[in-house]
Amino acid sequence: MAVQNADIARIFDQVADLLEVRGDNPFRARAYRNAARTVGEWGENLSEVLSKTGHLPRIPGVGTDLDGKIREILSTGRLSTLEKLREEFPPHLTELLSIPGLGPKKVRAFYEELGIQDISGLHRALLDHRIAGLRGFGPRSEERLIKSVEARLAKVRRYKLATAAQYARPLVTLLTGVRGVREVVVAGSFRRRKETVGDLDLLVTTEDPEPVVGRFVSWEGVERVLASGSTKASVVLSSGIQVDLRVMPPASFGAALVYFTGSRAHNIALRRLAQDRGLKINEYGVFRGKNRVAGETEESVYRILGLSMIPPELREDRGEIQRAARGPLPALVTLPDLKGDLHAHTRWTDGHNSVREMAEAARDRGWSYLAITDHSRRLTMVHGLGPAELREQGEEIDRLRPLFPGLSLLKGIEVDILEDGQLDLPDQSLLSLDLVVGAVHSKFSLSRADQTTRILRAMDHPRFNILAHPTGRLIGEREPYDLDMLRVLRKARERQVALEVNAHPERLDLTDVYCRMAKDEGVLLAINSDAHAPGEFDNLEWGVGQARRGWIEASDLLNARPLGELLDFLRKKPSKTRPEGPAGSG
DNA sequence: GCCGTTTTCGGCCCGACTGTTTTCAGTCG
């Protein structure tokens with residue numbers, strides 16, 4: 001069982017937790033924390049890199065010592081440093097750190113003074129009123145902690161981006177209506193278009209903060225107020241999501257927007273850069289001594305640091321700052337760049353609308369093309385199409401085409417990739433189509449080797465054009481299947497296959513990291529809605545966000561190309577050899 | 001524990017809010 005980067009990250013995070021509780025050098029703990037984040041987001045599997053090349057790549061924040069510790073984890077699956085630290089504390093003590101309001105100092109006090117070892121121990125101590133007697137704790141702490149612990153026992157969650165957007169909308173409307181308000185922006189990970197968000201961060205600019213905070217905390221959708229000051233407040237909505245509000249003067253809008261958009265790591269890197277230049281940066285502006293020298297716009301903040309403007313989706317401290325110091329960042333893809341959608345369903349299988357209705361919606365969006373890609377026969381529960389039904393659907397498309405002069409309706413299929421890598425329709429059927437989208441809908445638990453071989457084989461089929469939702473994950477519901485993505489990408493380039501960025505809010509598959517990896521490997525992507533109704537074309541917005549997080553430009557996208565170029569790509573040259581045999585069966 | 005073209009030692013991001021404190025530590029984002 002190969003060690004994943006996430007395993008290394010988890011171990012480093014645990015070391016950091018324990019170092020903090022122990023009261024060790026805080027910068028040492030931070031070093032582990034930083035390394036955990038960087039390694040956890042590292043694009044290539046470090047275990048594989050090490051076995052192939054004999055050394056680890058140069059990873060920022062990983063020096064000689066942590067390099068050695070990563071090697072130890074890769075070879076043994078454990079870290080002796082962590083094991084030793086664990087001996088000093090009860091095994092579940094660090095779980096307490098996940099409770100809002102509890103940090104390392106308090107957790108340590110609970111342990112040393114009351115012998116509390118885990119969350120249920122804390123719960124008992126709270127109910128016995130033992131906590132309120134501790135130095136630094138009073139009845140208010142007790143009351144808050146009881147709520148937090150009980151909420152924690154009821155499990156916290158993250159929200160899909162599209163879900164968070166629904167909760168944000170009425171609040172933006174509410175605050176925009178307060179007299180004197182200039183700007184209302186949902187910042188934080190929402191603005192960075194992360195696939196899930198833990199809470200919503202609202203930034204409001206006005207000269208008169210009080211009525212804004214007042215309106216916010218008294219809104220009918222608020223279930224409880226966690227904190228409320230003159231310029232800052234936190235609430236939990238009845239939907240369960242936490243919303244943090246910050247009110248700032250208009251002159252600080254840009255600096256505040258940078259600050260509250262994050263990410264945390266990006267902000268820390270910016271402030272370091274500011275220090276090097278003798279500047280100080282905070283949410284009010286950029287300062288030289290006591291003079292504010294920038295801050296009204298985001299551009300001004302970046303400019304004074306010697307950086308070109310960095311789009312929110314790139315602000316993860318994954319090289320965007322170094323790149324912005326050298327010149328403009330890539331012009332990331334935008335929704336209007338898309339010239340069509342290459343993955344959509346109709347009533348022929350599990351869609352809710354006719355081909356005609358889907359085509360009308362596509363035309364109304366001004367697209368040049370729309371591919372109809374219903375399921376193949378293997379998916380019996382949705383009445384997947386066999387050769388005869390596919391032919392009939394093709395005839396319907398032929399009849400509709402004259403009605404849509406500006407829109408090319410493409411005949412396609414979302415064909416199942418069977419367990420052995422064959423496609424779920426005969427070659428003859430596939431040859432009659434404009435494009436073939438292939439997807440895995442079964443046997444998710446194959447080994448990494450078998451799953452990879454299965455998909456590589458399918459991609460060898462001469463009609464295979466797009467690999468749909470390449471890892472099969474459903475956010476919060478189903479883990480991705482195990483896959484050697486690098487081999488898939490290299491095969492895709494070799495076989496002229498595009499990979500999909502499925503824009504459905506539950507999928508967003510590929511991830512941002514894989515998007516960037518695909519770009520590095522020279523593989524084209526297609527941002528597709530997988531729409532089952534015309535309204536779901538709107539989901540493309542989330543796919544675009546995901547692609548932007550992966551540094552994707554219009555030139556990296558198959559469906560940002562004009563029709564002629566798209567068709568050229570789809571009509572790829574037949575391969576000279578078919579080393580793994582015909583993939584389509586009879 | 002990391003890092004460095006002012007540095008291989010001595011730094012390491014910054015401010016608001018809370019609760020308990022009587023001047024501030026801890027936590028959070």
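Each chain gets a letter, A, B and so on, in the order its sequence line appears, and its residues count up from 1.
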Inset, instruction - Output yes when at least one side-chain N/O atom of R144(A) is less than 4.0 Å from OP1 or OP2 of dG19(B), else no. - result: yes

Inset, instruction - Provide, to the nearest angstrom, the distance between the OH atom belonging to Y284(A) and the C1' atom belonging to dG29(B). - result: 14 Å

Inset, instruction - Counting heavy atoms from C-beta on, name the nucleotide in dT20(B), dG29(B), dG1(B) closest to the side chain of D244(A). - result: dG29(B)

Inset, instruction - Could you check which of dA16(B), dG29(B), dC12(B) has an atom nearest any side-chain atom of R30(A)? - result: dC12(B)

Inset, instruction - Rounded to the nearest angstrom, tell me the gap between atom CG in L102(A) and atom C1' in dG26(B). - result: 11 Å

Legend entry - Electrostatic pair D276(A)-R272(A), nearest N-O below 4.0 angstrom: no

Inset, instruction - Using the C1' atom as the reference point in each nucleotide, state the distance between dT21(B) and dG26(B) in Å, no decimals. - result: 12 Å

Legend entry - Rounded distance in Å - CG (N282(A)) to C1' (dG29(B)): 14 Å

Legend entry - Which residue lies more 5' along DNA chain B, comparing R272(A) with R140(A) via nearest heavy atoms: R272(A)

Inset, instruction - With C1' as the reference atom in both, quote the distance from dC12(B) to dC17(B) in angstrom, rounded to an integer. - result: 25 Å

Legend entry - Among dG29(B), dC14(B), dG1(B), the nucleotide that comes nearest once only the side chain of D199(A) is considered: dG29(B)

Inset, instruction - Decide, for dT7(B), between syn and anti: a glycosidic angle within 90° of 0 counts as syn, anything else as anti. - result: syn

Inset, instruction - Could you tell me whether R448(A) and E48(A) have a side-chain N and a carboxylate O separated by less than 4.0 Å? - result: yes

Inset, instruction - Take Y284(A) and F253(A) through the ring pair (Phe, Tyr, Trp, His ring centres under 6.0 Å) test and state the conclusion after the steps. - result: CA-CA 8 Å; Y284(A) 295 100; F253(A) 181 55; over 10 Å; no

Inset, instruction - Give a yes/no answer on whether the side chain of Q275(A) brings an N or O atom under 4.0 Å of OP1 or OP2 in dG11(B). - result: no

Legend entry - Per Q242(A) side chain, nearest of listed nucleotides dG29(B), dT20(B), dC2(B): dG29(B)

Legend entry - Pair K194(A) + D512(A): basic N to acidic O under 4.0 Å: no

Protein-nucleotides 4-8 of chain B N/O pairs closer than 3.5 Å?
none

Inset, instruction - Compute whether any side-chain donor of one residue and acceptor of the other, for R318(A) and T38(A), lie under 3.5 angstrom apart. - result: no

Inset, instruction - Please report, rounded to the nearest Å, how far the P atom of dC12(B) is from the CG atom of N267(A). - result: 18 Å

Inset, instruction - Mind calculating the distance between CZ (R264(A)) and P (dT27(B)) to the nearest angstrom? - result: 13 Å

Inset, instruction - Check every strand shown and say whether P26(A) touches a base, only sugar-phosphate, or nothing at a heavy-atom separation below 4.0 Å. - result: nothing

Legend entry - Nucleotide dC28(B), atom P - distance to CD of E20(A) in whole Å: 10 Å

Legend entry - C1' atoms of dT18(B) and dG11(B), separation to the nearest Å: 30 Å

Inset, instruction - Quote, to the nearest angstrom, the C1' distance that separates dG29(B) from dT23(B). - result: 25 Å

Legend entry - Phosphate OP1/OP2 of dA16(B): any S234(A) side-chain N/O under 4.0 Å: no

Legend entry - OP1 or OP2 of dT18(B) under 4.0 Å from side-chain N/O of K232(A): no

Inset, instruction - Decide, yes or no, whether a salt bridge links K160(A) with E195(A) under the criterion of side-chain N to carboxylate O below 4.0 Å. - result: no

Inset, instruction - Could you check which nucleotide pairs with dA25(B) in any of the strands shown, counting Watson-Crick or G-U wobble with both distances under 3.5 Å? - result: dT18(B)

Legend entry - Nucleotide nearest K106(A) when distance is taken to its side chain, options dT20(B), dA16(B), dT27(B): dT27(B)

Legend entry - Exercise: do E320(A) and H266(A) side chains pair donor with acceptor under 3.5 Å: yes

Legend entry - Separation of dG1(B) C1' from D13(A) CG (nearest whole Å): 15 Å

Legend entry - No-hydrogen, no-angle side-chain donor-acceptor test under 3.5 Å, E150(A) and H123(A): yes

Inset, instruction - Assign Y259(A) to base, sugar-phosphate, or nothing according to its heavy-atom contacts below 4.0 angstrom with the strands shown. - result: base

Legend entry - Whole-angstrom distance between dG1(B) and dT6(B), as gauged at atom C1': 23 Å

Inset, instruction - Give the rounded distance in Å between these two atoms: NZ of K105(A) and P of dT18(B). - result: 21 Å

Legend entry - P spacing across the pair dC9(B) / dC14(B), given as an integer number of angstrom: 25 Å

Inset, instruction - Quick one: label I99(A) by what it contacts on the DNA or RNA (base, sugar-phosphate, nothing), any heavy atom closer than 4.0 Å. - result: sugar-phosphate

Legend entry - F190(A) ring center near F260(A) ring center (under 6.0 Å): no

Inset, instruction - Using the P atom as the reference point in each nucleotide, state the distance between dA16(B) and dT22(B) in Å, no decimals. - result: 23 Å

Inset, instruction - Side chain of S230(A) only, please: which of dG19(B), dG29(B), dC17(B) is the nearest? - result: dC17(B)

Inset, instruction - Please indicate whether R140(A) has more than 12 foreign heavy atoms, meaning atoms of other residues, nucleotides or ligands, lying under 6.0 Å from its CZ. - result: no

